[in-house]
2 protein chains.
Amino acid sequence: MATMNDVAKAAGVSTSTVSYVLSGKRTISEETREQVLAAIRKLDYSPHSGARSLASSRSNVLGLMVPLRADVNVSVIMQFVAGVVTTARDYNQDVLLLTQDDADGIHRVTSQSIVDGLLMMDIEARDPRIPQLAKLRKPAVLIGFPDDPLGLSCVDFDFAAASRTAVRHLTELGHRSIGFIGSPQASLERHATYADRARKGFEDACHAAGITAALRACEPTSAALAVALNAILSAPEPATALVVHNEGLLPLLREALAVHSLQIPKDISVVAIAPEDAAMAAAHPWTAVSIPAHDIGRAAVEMVMDRLNSDKPVEIRLITPSLVQRETSAARS
Amino acid sequence: MATMNDVAKAAGVSTSTVSYVLSGKRTISEETREQVLAAIRKLDYSPHSGARSLASSRSNVLGLMVPLRADVNVSVIMQFVAGVVTTARDYNQDVLLLTQDDADGIHRVTSQSIVDGLLMMDIEARDPRIPQLAKLRKPAVLIGFPDDPLGLSCVDFDFAAASRTAVRHLTELGHRSIGFIGSPQASLERHATYADRARKGFEDACHAAGITAALRACEPTSAALAVALNAILSAPEPATALVVHNEGLLPLLREALAVHSLQIPKDISVVAIAPEDAAMAAAHPWTAVSIPAHDIGRAAVEMVMDRLNSDKPVEIRLITPSLVQRETSAARS
DNA sequence: CTGTTAGCGCTTTCAA
DNA sequence: TTGAAAGCGCTAACAG
């Protein structure tokens, strides 16, 4: 492997000149720059990341802690990760994968200077990782919205607004009793903030509009869905519309409603809170408030890089939802 | 941050002694070892990964190239990745995430010595990345089974054997005409090797057993499934059993068969080739040949580490399938 | 606009 | 069983 020294010799300049050509931190005459670049090409030179990180105390790697748990929405995670990785590349960073159960992963990758900053997915209301992150001298961004961010940056989808938007759409269509089918109980119990906030937003919106609301947590299985629907549809004022915040249920929903002799959207309207692709992957695409997972990933990277490169203040961003009406919502009959 | 030098001074030894205590590459008296470890704890010392990789030419990072494409099975990927990351930690390695569309990611992370080795998911029959990998001086493991591995290690699930196992199970139950519903056409067209081999195994097994076979590729949507089933069930000798290698279709299958007035397993048997959790996530769990994604991830890491640490020869491993009968297969009526 | 040089923090050979 | 010291390849302060 060629080193920077080899390049310098081949180009007839000093190593610092090569370094500055590469970093752009100094103005270089067009002539020597050409020479250096030619030598780099000729020798097929690449800088050694370890040497660079030793000298500059920057690794050009971001740590991303991902839940590989089963009760979270896998396809949203994938999209989010895709957003993170592609944006990281725009900043010339690579992404190191950490898992939730790697107990001291945070300590390891920061204390050894493996990463320059951290992105934490799936943050809970009182996440024990937050105090740990707050002590670090490396920037961290929380994906989620905890009770107390302890001075860390946060970014998330505005799930409360998503529910409000869904409810507004349905009330405008004349519905006066709406059911909410949410994330599995497990997500609620560990206070994944997205689950809590979507529920809360739904309750508040229904209350403000004077609408009858019925909420159920639900596992992504036919059996659980049947139970949830029974509860919602056998109430004194049965729902004429549903908000579903659980993409795993979408493929099962039509069949489950058929049991109650209900057709979508003739007898019952449905709004999904789900990623775009899940909403579209059906013969009759769902009216949906889509979760822009890719954009959240992008925003998260932008926010760590801001804190890494400048002294921009800590930021809290909530990504605004928007609803697209498709084939599953209609005026109340 | 404390350096190794600080530790050496605090313990009253030389830096090399500290280094050897940490690496274990030299025998150290119990007494000095204690002293060193005490100093490490007291100063909360962690080695600097950049410095280490510069001096040792080992980064302790493995690169993992993941498809963030939509037509592949997301939950299998997640399980596989989980297997990779947890096993990597057992070898004291971290995992860097690369995406399929990061065109020169392979070159970047290897030439800059960011990674010690590479794991490549979703290998196609004539994958253009293979010649590129074969030229590197870093070990690589292919997850998949290409036409020509060019001397690289490979590991994969034995999809052909999976189909054969499924067919054997069904013939033992008396079925003489079996349909195969496979991966989307897109997967076949780019010759994802898993799709090809599962099909081939099915055809061969049916032929060998003198069974009538009907094969269809299928997108994971209700509409596509309806088309595929129409074709399979309107044949001269309609299938009395199905092998389904497409987990996205499982939640849709009962409803689609009901259209033909067929109940599982009374009128038609079904064997899924799918990850365990997909097979279990139903009111009536599927008889299935399960894809042990986690184990494949583990095996892949073991194989890179073998090539990194020793001169073990290149290896080709096919993970043997096993079938579990559950509620969706029964004797032909 | 460019060169010299002192580190960055670790590993490992050589010497004792 | 231990220490001294020469790098590993790069960055950036200092000097011109």
Side-chain angles (χ1 to χ4, degrees), chain A residues 1-37 39-40 43-61 92 108-114 116 137 308-309, chain B residues 1-37 39-40 43-61 92 108-114 116 137 308-309:
Chain A
M1 281 282 82
T3 71
M4 188 176 270
N5 222 322
D6 300 333
V7 173
K9 280 181 199 152
V13 299
S14 70
T15 59
S16 61
T17 299
V18 177
S19 176
Y20 285 119
V21 165
L22 254 20
S23 70
K25 292 188 179 175
R26 194 189 228 184
T27 47
I28 306 276
S29 74
E30 199 45 38
E31 198 186 337
T32 59
R33 135 181 262 95
E34 291 299 342
Q35 244 128 42
V36 169
L37 291 177
I40 287 177
L43 299 180
D44 189 24
Y45 165 76
S46 302
H48 186 287
S49 76
R52 169 177 284 176
S53 95
L54 178 57
S56 68
S57 23
R58 280 288 190 104
S59 66
N60 290 310
V61 172
N92 193 32
R108 178 167 39 84
V109 299
T110 53
S111 68
Q112 303 188 8
S113 296
I114 296 175
D116 294 335
R137 289 186 309 298
L308 216 44
N309 294 329
Chain B
M1 281 281 83
T3 71
M4 188 175 270
N5 223 324
D6 300 333
V7 173
K9 278 181 200 152
V13 300
S14 70
T15 59
S16 60
T17 298
V18 177
S19 176
Y20 284 119
V21 166
L22 254 21
S23 70
K25 292 187 179 176
R26 193 190 233 187
T27 48
I28 305 276
S29 73
E30 199 46 38
E31 197 186 338
T32 59
R33 136 182 261 95
E34 292 298 342
Q35 244 129 42
V36 169
L37 292 176
I40 287 178
L43 299 179
D44 189 24
Y45 165 77
S46 304
H48 186 288
S49 76
R52 169 177 283 178
S53 96
L54 178 56
S56 68
S57 16
R58 281 287 191 104
S59 66
N60 290 310
V61 172
N92 193 32
R108 178 166 40 82
V109 298
T110 53
S111 68
Q112 302 187 9
S113 296
I114 296 175
D116 294 335
R137 288 186 308 298
L308 216 43
N309 294 330

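Chain A is the first sequence line, chain B the second, and so forth, proteins listed ahead of strands; every chain is numbered from 1. Here the structure is a predicted model, which means the values were calculated and not measured.
Rounded to the nearest 0.5 angstrom, Ile40(A) CD1 and Met4(A) CE are separated by 7.5 Å.
Here the side chains of Tyr45(B) and Asp6(B) are not in contact, with every heavy-atom distance at 4.5 Å or above. Counting only heavy atoms from C-beta outward, the side chains of Val61(B) and Val61(A) never approach each other to under 4.5 Å.
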task = Spell out protein contact along nucleotides 9-16 of chain D as letters: B when the base is contacted, S when just the sugar-phosphate is, - when no protein heavy atom is under 4.0 Å; keep the 5' to 3' order.
result = BBBBBB--
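Ser19(A) and Ser16(A) are not linked by any side-chain donor-acceptor pair at a separation below 3.5 angstrom, with hydrogens and angles left out of the test.
Of all the heavy atoms in Leu43(B) and Ala10(B), the pair that sits closest is CD1-CB, 4.1 Å. The two residues Ser53(A) and Gly50(B) make their nearest non-hydrogen contact at OG-CA, 3.3 Å. Ile114(A) and Ser59(A) get closest at one heavy-atom pair: O-OG, 2.9 Å.
Contacts of Thr110(B) classified as side-chain contact (heavy atoms from CB on, under 4.5 Å), with partners at least two apart in sequence or in another chain: Val115(B), Leu118(B), Leu136(B), Lys138(B). By the salt bridge (Lys or Arg N to Asp or Glu O under 4.0 Å) test, Arg33(A) is found to be paired with no residue, residues two or more places apart in sequence or in another chain being considered. Applying the side-chain contact (heavy atoms from CB on, under 4.5 Å) test to Ala55(A) and every residue at least two apart in sequence or in another chain returns nothing.
Helix-axis bend for the helix from dC1(C)-dG16(D) to dA16(C)-dT1(D): the local axis fitted to the five terminal pairs at one end deviates from that at the other end by 30°, rounded to 10°.
Computed from coordinates, the Lys9(B) NZ to dA4(D) P distance equals 12 Å when rounded to whole Å.
Taking a heavy-atom distance under 4.0 Å as the criterion, the stretch of DNA chain C touched by chain A extends 5' to 3' from dC1(C) to dG9(C).
Across all strands, Ser57(A) comes closer than 4.0 Å to no nucleic acid atom at all (heavy-atom distances).
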